[in-house]
Protein chains: 2
Amino acid sequence: MSRPPTTQQFVLAELRRAILARELLPNQPIRQDSVARGLGVSRVPLREALKILEAEGQVVYRPHRGYTVTELSLTDLLEVYRLRELLESEAASLAVERYGATELERVEQEHRAVIDAAERDDLVEMIAANRRFHFALLEPAGMPRLMRVIRTLWDTTDAYRAVYYNSADNRSRVLDEHEEIVRTARDRDGAELVRLLHAHRQHAVDSLRETVGTDRQAPGQSSGGSAGAETRTEP
Amino acid sequence: MSRPPTTQQFVLAELRRAILARELLPNQPIRQDSVARGLGVSRVPLREALKILEAEGQVVYRPHRGYTVTELSLTDLLEVYRLRELLESEAASLAVERYGATELERVEQEHRAVIDAAERDDLVEMIAANRRFHFALLEPAGMPRLMRVIRTLWDTTDAYRAVYYNSADNRSRVLDEHEEIVRTARDRDGAELVRLLHAHRQHAVDSLRETVGTDRQAPGQSSGGSAGAETRTEP
DNA sequence: CGACTGTATATTGGATCCAACTTTGCGTCG
DNA sequence: CGACGCAAAGTTGGATCCAATATACAGTCG
């Protein structure tokens with residue numbers, strides 16, 4: 001188990017994990033001193049890691065009042081999926097044009113990794129491999145900024161992905177759909193690929209609607225804007 | 001001149017300005033000690049500000065090697081505009097549906113601000129007002145995350161906007177087009193609004209192609225991914 | 001003479017310390 | 001009894017200090 005070359009990166013990874021594991025809850029202040037001591041580090045690298053999460057929208061920062069995990073209402077989640085729809089469709093369309101032997105091999109390799117993890121009932125690895133699979137599909141688009149935005153969107157909904165993968169039905173459906181996606185990728189059929197990916201995402205959305213249920217849009221902070229807007233000088 | 005409530009925000013604003021003013025150049029290490037002393041602050045708030053810029057892609061960070069301003073090739077700039085195309089079209093389509101008296105009033109107010117600044121030959125204010133104008137147009141879409149992404153895309157190309165506004169021809173064209181955009185907004189004609197905004201952006205792109213000229217894609221770092229990818233554990 | 005290695009220096013990363021602000025609780029006054 | 005104001009404690013923000021890493025340079029060996 002190789003640990004990151006720098007403490008902030010270690011802390012960042014730990015924070016992501018803690019948010020995912022619901023050890024840090026929304027609307028509950030993140031006490032820097034306590035978290036830092038818990039990880040055996042000082043507050044400085046913690047604060048730098050929090051700044052990254054702030055910029056990603058994972059936590060909300062208010063000057064002199066500290067950080068809290070971002071509360072996600074159903075509305076927020078639906079927005080994330082709508083953005084993914086838009087961006088991943090674009091990425092997929094561009095990517096198919098560039099699929100060569102190398103790219104397809106990469107995709108199939110990750111596909112097998114997902115299957116393998118599923119057979120071993122290793123949910124954590126299955127989720128990770130699923131992510132690599134999807135990025136292997138989209139990355140050939142050759143648009144690094146686009147990929148970065150997509151990445152943060154995935155991060156935002158990581159906590160809910162775990163719920164989705166808890167169901168065996170969902171897991172086997174994922175595998176089936178991936179199979180079809182791989183076939184379509186081999187054929188370089190862009191339109192069909194976009195369609196399949198859309199349907200694929202849609203299942204997650206449906207599951208979300210059930211899981212999160214009615215939109216209780218807390219009157220507190222909740223909705224997304226957070227950091228960027230907070231830090232910028234103009235509305 | 002009210003200064004920000006916290007030092008990091010002051011430093012952040014100063015860094016943005018310095019990058020825009022080409023006081024900090026791409027591929028040239030940002031010496032924290034020197035910059036911090038120059039601003040009369042310690043390195044801590046500087047580092048936090050740099051982390052935000054890193055997450056936005058404005059600077060590149062490499063552990064133990066520090067930060068540099070992100071180098072933008074023509075390819076990178078075109079990617080930014082392509083993303084804006086995608087995202088702002090979506091935002092505009094959604095926004096028109098929600099235009100009410102308040103929203104339109106806000107748009108027209110900013111429109112007048114742009115005209116006013118243009119008449120006073122106040123380029124800085126004209127650029128700022130232009131930005132407020134466009135965001136007033138899009139904000140009613142009610143998608144905070146979408147707006148945030150668009151905001152960072154604007155930030156990325158800020159340096160080049162100054163060049164564009166240097167030309168009196170470009171400035172007067174901006175005013176004319178804004179006029180037409182406002183009319184279309186009042187009519188709530190979504191399709192036409194999207195079309196106008198597209199043409200509006202296209203002029204900036206054309207200007208960019210001339211300004212930046214051939215793509216010299218420096219073999220160094222350059223291309224976009226930077227922070228997010230850098231900091232994440234997986235590709 | 002070139003390449004490598006070891007060392008010195010500069011720069012970044014992290015820890016500790018102090019200051020500023022926010023919040024909470026108590027007391028007082030209306 | 002309620003609301004306002006003040007004071008104390010806790011938490012965040014910033015500065016300084018020390019450690020770790022990378023870079024530059026010089027010396028040495030092939």
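Below, read A as the first sequence line, B as the second, and so on, with proteins coming before strands; counting in each chain starts at 1. If you're wondering where the values come from, they're calculated on a predicted model, not measured in any experiment.
Between His178(A) and His134(A), the distance from one ring center to the other falls under 6.0 angstrom.
Within the structure, every side-chain polar atom (N or O) of Gln9(A) is placed at least 4.0 Å from both OP1 and OP2 of dG13(C). Between Arg65(A) and dT23(C) there is a side-chain N or O to OP1 or OP2 distance below 4.0 Å.
Checking dA22(D), dG14(D), dT12(D) against the side-chain heavy atoms of Arg31(A) singles out dT12(D) as nearest. Closest to the Tyr61(A) side chain, of the nucleotides dA15(C), dG13(D), dG14(D), is dG13(D). For Val44(A), whose side chain is taken as the heavy atoms from C-beta onward, the closest listed nucleotide among dT22(C), dG14(C), dA22(D) is dG14(C). Here dG13(D) is the nucleotide among dA15(C), dG13(D), dG13(C) with the atom lying nearest to any side-chain atom of Thr6(B). With dG13(D), dA15(D), dG14(C) as the candidates, the nucleotide lying closest to the side chain of Val41(B) is dA15(D). The side chain of Ser42(B) lies closest to dA15(D) when the candidates are dG13(C), dA15(D), dG14(C).
Counting to the nearest Å, the C1' atom of dG13(D) and the CD atom of Gln32(A) are 9 Å from each other. A straight line from NE2 of His64(B) to P of dT21(D) spans 6 Å, rounded to a whole angstrom. What separates CG of Asp33(B) from C1' of dG14(C) is a distance of 16 Å, to the nearest Å.
Cation-pi geometry between Arg22(B) and Tyr160(B) is met: the NZ or CZ atom falls under 6.0 Å from the ring centre, inside 45° of the normal.
In this model, a side-chain donor or acceptor of Arg47(A) finds a partner on the base of dG14(D) within 3.5 Å. Below the 3.5 angstrom threshold, one finds no donor paired with an acceptor across the side chain of Arg43(A) and the base of dG14(D).
Side-chain contact between Tyr61(B) and Leu53(B): absent, with no pair of heavy atoms (C-beta onward) separated by less than 4.5 Å.
Glu48(B) comes within contact range of no nucleotide atom at all, as no heavy-atom separation falls under 4.0 Å. Across all strands, Leu46(A) comes closer than 4.0 Å to no nucleic acid atom at all (heavy-atom distances). Leu50(B) comes within contact range of no nucleotide atom at all, as no heavy-atom separation falls under 4.0 Å.
Under 3.5 Å, the side chains of Ser167(B) and Arg171(B) contain no donor-acceptor pair of N or O atoms. Under 3.5 Å, the side chains of Asp155(B) and Thr152(B) contain no donor-acceptor pair of N or O atoms.
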